[in-house]
Amino acid sequence: HRLSDSPDSLYIVADVLFLMFCSLSPGSRSDALQHGTSGTLPHFLQEPDDAYIIKSNPIKLKCRARPALQIFFKCNGEWVHQSQHQSQEHTDQGTGLKIREVMINVSRQQVEDFHGPEDYWCLCVAWSHLGTSKSRKATLRIAYLRKNFEQDPQGREVPIKGMIVLHCRPPEGVPVAEVEWLKNEEPVGSDGNINTRADHNLIIQKARLSDSGNYTCLASNIVAKRRSLTATVVVFVNGGWSLWTDWSACNVRCGRGVQKRSRTCTNPAPLNGGTFCEGMSVQKSTCNALCPVDGGWGEWTEWTVCNAECARQRSRECTAPEPKHGGRRCDGATLGTDNCTGGLCTQNVYFSLEVSSDVALYSGLAAGVVTVVVLIVAVTLYRRNQSEYGVDVIDSSALTGGFQSFSFKTACQGNPLLINSSQQPDLTVSQTYTSPICFQDSMDKELISQEPSLFDPLPDLKVKVHSSFMVSLGVSERGAEYHTQKAHPQTFPRGLAPDYSGVGLEGTLRGRREKTLLGPLAPSKPSRPPLRTAGVFGHAGGRLVVPNTGVSLLVPHGGIAVDTTWEMYMVINQDDSSRYNTVLLSPEVTYGPLGLDLSCPVAMTIAHCAEVAADNWSIRLKRQTQDNKWEEVMSVEEESTSCYCLLEAQCCHLLLEHPGRYALVGEPLSQEAVKRLRLAVFGSADNTNPLGYSLRVYCVDDTPYAFQEVASAERVRGGCLLEEPKTLLFRGNSLSLQLSIQDVPQFLWSIKPFTTCQEFSFSQVWASNQHPLQCAFSLERYSPASSQLSCKISVRQVKGQEQILQVYTSVVEVSGGVVPFFTQSDCTITSQMGSRAFKIPLSIRQRICATFDTANAKGKDWQLLAQKLCIDRNLCYFARQESPSAVILSLWEAQHQDTGDLDSLASALEEIGKVHSTHSTSSRTSTQTTTRTTATLGRSTEELDAEFT
């Protein structure tokens with residue numbers, strides 16, 4: 001029966017207990033009486049506990065009391081039926097009292113069906129003959145944990161020692177979820193600096209570099225665990241300048257010069273995207289070195305009185321002037337002695353004769369020693385003077401623009417052996433050399449003496465050079481006069497600076513111990529003619545290409561108004577008037593005309609020579625203003641709405657809206673910054689020597705334009721490309737580039753002594769933007785029968801990469817065997833108009849734009865198109881365009897102008913179609929359009945051309 005809490009319930013309970021007592025056996029009755037003799041109410045040994053229902057598992061509630069005749073559960077004010085109770089009874093061995101234990105099951109359905117002002121609850125009621133006892137209420141609740149966090153933590157970029165606060169509000173749940181923080185999937189513990197107990201938030205009082213990482217808020221209860229979105233925390237360090245070094249010594253010994261001091265951005269060094277130091281890393285200041293003053297003798301004093309030895313004396317001092325600032329002291333004696341009697345005094349005559357004879361002896365010996373020393377010095381100077389143009393090339397570094405090749409005639413050794421043409425030289429030999437410096441070649445056959453040099457740092461000086469090196473180049477012994485001016489600044493990685501030495505004023509170049517490093521020669525002739533291409537474009541658009549330079553311009557369809565045509569041009573500027581505070585990584589390219597009016601941006605492609613795999617460069621796009629100054633347009637790492645820059649490994653694609661002159665420049669962020677160099681070796685016979693042969697090694701920026709300049713010059717010379725050009729990764733660590741020729745057959749060929757290894761200084765290579773660097777090796781055959789030349793040329797950076805150029809050629813071949821310089825099939829095509837200039841058919845392009853420029857419930861479809869085409873950065877630029885999809889496709893056209901492969905576009909559209917197929921039916925039209933577009937792209941080129949027609 002179910003019993004209520006009515007006032008008569010005590011009587012009903014008493015009746016029930018009496019009937020139960022009467023129904024007991026005599027033994028049980030005695031037990032009941034024994035219970036009565038205990039004289040206590042039931043005492044609960046176990047009461048029901050609060051519990052949570054997990055999923056669909058029922059909850060078991062237990063009660064245990066003594067002494068107890070019966071125990072029943074009461075849930076939500078109603079008695080639980082006796083049939084739902086499971087009872088057990090046993091006797092306490094210590095007291096002999098009966099202990100009763102009762103258990104019931106509560107299902108999830110029972111809790112869900114209950115609707116009351118409070119949670120579902122249950123308690124126990126135990127009876128004895130003295131009365132009843134109630135247990136505590138046990139609350140039953142259904143446990144759950146929702147999926148979404150009320151607040152996810154957000155990523156932060158904080159300076160070192162700054163405070164980091166990551167907020168986290170876990171999902172709603174019963175019981176309330178506990179929060180734990182993970183850093184890079186590892187638990188984060190609290191300490192004096194990190195607090196994870198502040199209302200589920202993570203607080204780091206002072207950020208350390210080790211605190212950078214991916215943080216996740218983990219919420220969990222007895223039901224489930226939930227992970228928040230990952231918040232990336234970056235602790236960055238802004239760069240700080242170190243202390244200035246001491247001022248260097250004045251670079252001149254006498255007069256006005258320059259001294260400098262430097263500092264590095266290492267206190268601390270910028271880390272994790274921290275800002276770099278602002279200001280100059282090198283300071284220069286003028287200095288005045290006190291010129292040495294040689295000493296001079298003053299007047300003699302009066303003669304002293306004649307002494308007993310018939311002698312008188314007088315003295316003088318080195319005070320007219322006194323030697324100062326390292327000047328020479330006076331030569332000669334300070335004390336003079338004379339016979340005061342005119343030889344009439346005969347006292348001590350024998351002693352005087354003996355002294356006079358000793359003086360003559362010693363004077364003769366001294367004169368002989370001086371003569372021998374003078375002869376030795378003269379011979380040494382003569383030998384050095386004869387070999388200076390070959391051995392001491394580094395002493396002629398004032399002629400920075402001109403390492404010239406030489407031809408030498410060496411006596412035949414009488415062993416005209418022939419080379420075995422089947423024998424291949426060894427490419428595995430690697431050696432280290434130290435050598436003189438080899439300088440830039442202007443690629444002209446004019447004399448170096450006609451070109452002005454750029455000296456640093458002395459302005460307005462005149463230097464007359466008289467050396468055997470100049471004579472060997474054909475310069476008159478009267479000397480060549482150079483007007484020097486301040487060199488343009490060079491750009492070096494942070495913490496490094498070029499080492500410039502001064503130029504002497506005496507007209508001769510300093511010796512080996514005082515090496516001079518000068519800037520590149522400025523050409524005396526007018527600027528080289530620029531490479532130019534032009535074309536007339538209309539509404540259909542087209543493409544301009546400067547052949548074999550990696551430079552092109554795409555004019556999109558519809559960019560020019562209907563019934564309007566523009567004669568557009570593109571120029572690669574080759575003058576040296578531009579100055580940068582950074583490294584020029586690409587050619588300067590101008591497109592126009594200036595009044596060009598387009599409705600959408602053009603896509604320009606420029607090749608560059610920076611190794612961008614690692615983040616060691618800060619690359620920027622610059623534009624020349626009307627006053628011939630260069631202004632920064634954007635940094636390729638930043639987002640901008642004025643233009644778009646897509647940087648790839650070999651080239652950069654730009655979306656531009658304003659005509660003008662553009663260039664890519666870079667600032668090295670560390671010594672690990674790498675600039676790609678292209679190495680090539682050319683050979684040709686020596687026109688002045690029938691047995692001579694010249695090898696020319698070029699080191700140029702790894703861009704098609706830079707190599708084309710070399711190839712054009714070699715065509716004029718009749719040079720032959722002897723080896724496939726190779727790429728060298730040149731690091732910005734201030735170390736030089738060394739070139740050496742190896743494995744020359746000694747019995748067949750001769751090379752001038754001490755010229756087998758040559759060198760480019762770091763500043764020459766790092767700033768070789770406009771002129772190619774060239775070294776020449778002049779060889780001579782011992783016999784006309786030697787027609788084969790086999791050797792190898794090693795090009796290596798000190799403590800860096802090395803490349804081997806293998807030379808194996810016949811020196812008597814005619815020019816018809818010249819290896820072709822270029823292999824592009826379209827190297828003569830400069831412009832394409834209309835549909836032939838584009839890879840995507842016009843109808844497909846229009847269909848794609850109409851589909852993806854339309855917004856749907858999921859957002860802007862063009863954003864998904866950009867993402868699938870891997871153009872997913874700086875989307876704010878496309879958002880401001882009238883047709884974002886059209887601009888995205890123009891950029892894709894510029895990327896794939898060489899491959900012409902539509903598979904990537906078709907695959908992207910197919911993936912977008914699959915995404916749309918999972919959306920609602922409102923997107924079916926877009927899906928069908930995408931599917932048709934993908935199918936069309938899969939057709940053959942002939943079919944698409946037919947559709948154009």
Side-chain angles (χ1 to χ4, degrees), residues 48-61 76 106-122 136-236 272-273 857-859 918-919:
D49 296 324
D50 296 337
Y52 295 95
I53 296 179
I54 302 175
K55 298 182 179 180
S56 298
N57 299 323
I59 294 297
K60 295 181 179 181
L61 297 179
N76 301 319
V106 181
S107 66
R108 181 188 183 98
Q109 189 65 36
Q110 289 177 274
V111 178
E112 288 179 345
D113 293 342
F114 172 72
H115 301 283
E118 55 184 351
D119 293 330
Y120 193 100
W121 58 270
C122 293
R136 64 178 296 275
K137 282 186 178 182
T139 301
L140 304 182
R141 303 178 66 184
I142 298 176
Y144 66 92
L145 183 62
R146 300 194 184 280
K147 292 184 178 181
N148 296 326
F149 278 72
E150 296 183 4
Q151 182 179 3
D152 286 298
Q154 301 296 322
R156 295 284 187 273
E157 291 185 1
V158 296
I160 194 168
K161 295 185 180 180
M163 177 179 286
I164 303 174
V165 179
L166 298 181
H167 298 281
C168 177
R169 293 176 60 188
E172 179 186 354
V174 174
V176 176
E178 296 181 354
V179 171
E180 180 185 8
W181 283 93
L182 302 179
K183 174 193 172 185
N184 299 331
E185 304 303 325
E186 296 293 334
V188 177
S190 297
D191 55 24
N193 190 43
I194 301 177
N195 182 9
T196 60
R197 298 183 293 271
D199 194 20
H200 306 314
N201 299 328
L202 174 65
I203 300 176
I204 301 178
Q205 299 293 337
K206 292 185 179 180
R208 300 158 296 191
L209 287 176
S210 59
D211 293 327
S212 297
N214 297 320
Y215 288 83
T216 307
C217 183
L218 182 64
S220 61
N221 61 7
I222 59 177
V223 180
K225 290 184 179 181
R226 300 284 186 256
R227 293 171 60 94
S228 69
L229 298 178
T230 299
T232 301
V233 173
V234 177
V235 180
F236 61 86
N272 297 338
K858 296 295 182 180
T918 62
H919 293 171

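Worth knowing before you read on, the calculation uses all heavy atoms, side chains too, and leaves out hydrogens, waters and symmetry mates.
With a 4.5 Å cut-off on side-chain heavy atoms, Leu209 and Ile160 count as touching. Contact annotation: the side chain of Ile59 never approaches that of Arg141 to less than 4.5 Å [non-hydrogen atoms, C-beta and beyond]. Counting only heavy atoms from C-beta outward, the side chains of Ile164 and Leu202 never approach each other to under 4.5 Å. Taking 4.5 Å as the limit, some side-chain heavy atom of Pro175 sits within range of a side-chain heavy atom of Ile222. Counting only heavy atoms from C-beta outward, the side chains of Pro153 and Tyr215 never approach each other to under 4.5 Å.
Annotation: the span from Leu140 atom CG to Ile53 atom CD1 amounts to 6.0 Å, rounded to 0.5 Å. Atom NE2 of residue His200 and atom OG of residue Ser228 lie 13.0 Å apart, to the nearest 0.5 angstrom. Interatomic distance, NZ of Lys206 versus CE of Met163, reported as 10.0 Å (0.5 Å rounding). Summarising the geometry, atom OG1 belonging to Thr216 is positioned 6.0 Å from atom CG belonging to Leu182; distances are rounded to the nearest 0.5 Å. In this structure, CD1 in Ile203 is found 5.5 Å from CG in Asn195, a value given to the nearest 0.5 Å. Within the model, atoms CG of Asp152 and NE2 of His167 stand 13.0 Å from one another, a figure rounded to the nearest 0.5 Å.
Residues Ala177 and Ala219 approach most closely at CB-CB, 4.1 Å, considering heavy atoms. The minimum heavy-atom distance linking Val158 with Ala207 is given by the pair CG2-CB, 4.1 Å. Shown here for Leu145 and Ala224, the closest heavy-atom pair between the two residues is CD2-O, 3.4 Å. Shortest non-hydrogen contact noted between Ala143 and Val223 is CB-CG2, 3.2 Å. Taking both residues in full, the closest heavy atoms of Lys137 and Asp50 are given as O-OD1, 3.8 Å, listed atom of the first, atom of the second, then distance.
The main-chain N or O of Val235 is found under 3.5 Å from a side-chain atom of Asn272 such that the two form a donor-acceptor pair. Ser190 contributes a side-chain N or O that, together with a main-chain N or O of Thr196, makes up a donor-acceptor pair within less than 3.5 Å. Panel note: side chain Asn76, backbone Trp121; a donor-acceptor pair is recorded below 3.5 Å. Between the Arg226 side chain and the Pro171 main chain, no donor and acceptor come within less than 3.5 Å of each other. Between the side chain of Asn201 and the backbone N or O of Cys168, at least one donor-acceptor pair lies under 3.5 Å.
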List the steps, then state whether side-chain contact (heavy atoms from CB on, under 4.5 Å) holds for Asp211 with Val233.
CA-CA 8 Å; Asp211 293 327; Val233 173; 5.6 Å; no
Check against side-chain contact (heavy atoms from CB on, under 4.5 Å), Arg208 and Asn193
CA-CA 10 Å; Arg208 300 158 296 191; Asn193 190 43; 3.5 Å; yes
Is there a side-chain contact (heavy atoms from CB on, under 4.5 Å) between Val106 and Tyr120 once you walk through the steps?
CA-CA 10 Å; Val106 181; Tyr120 193 100; 3.9 Å; yes
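A side-chain hydrogen bond (donor to acceptor under 3.5 Å, both in side chains) check over residues 168-186, counting only residues at least two apart or in different chains, returns the pairs Tyr144-Glu172, Arg146-Glu172, Glu150-Arg169, Glu185-Arg227.
In this view, Glu112 and Arg108 satisfy the side-chain hydrogen bond (donor to acceptor under 3.5 Å, both in side chains) rule, not counting sequence neighbours.
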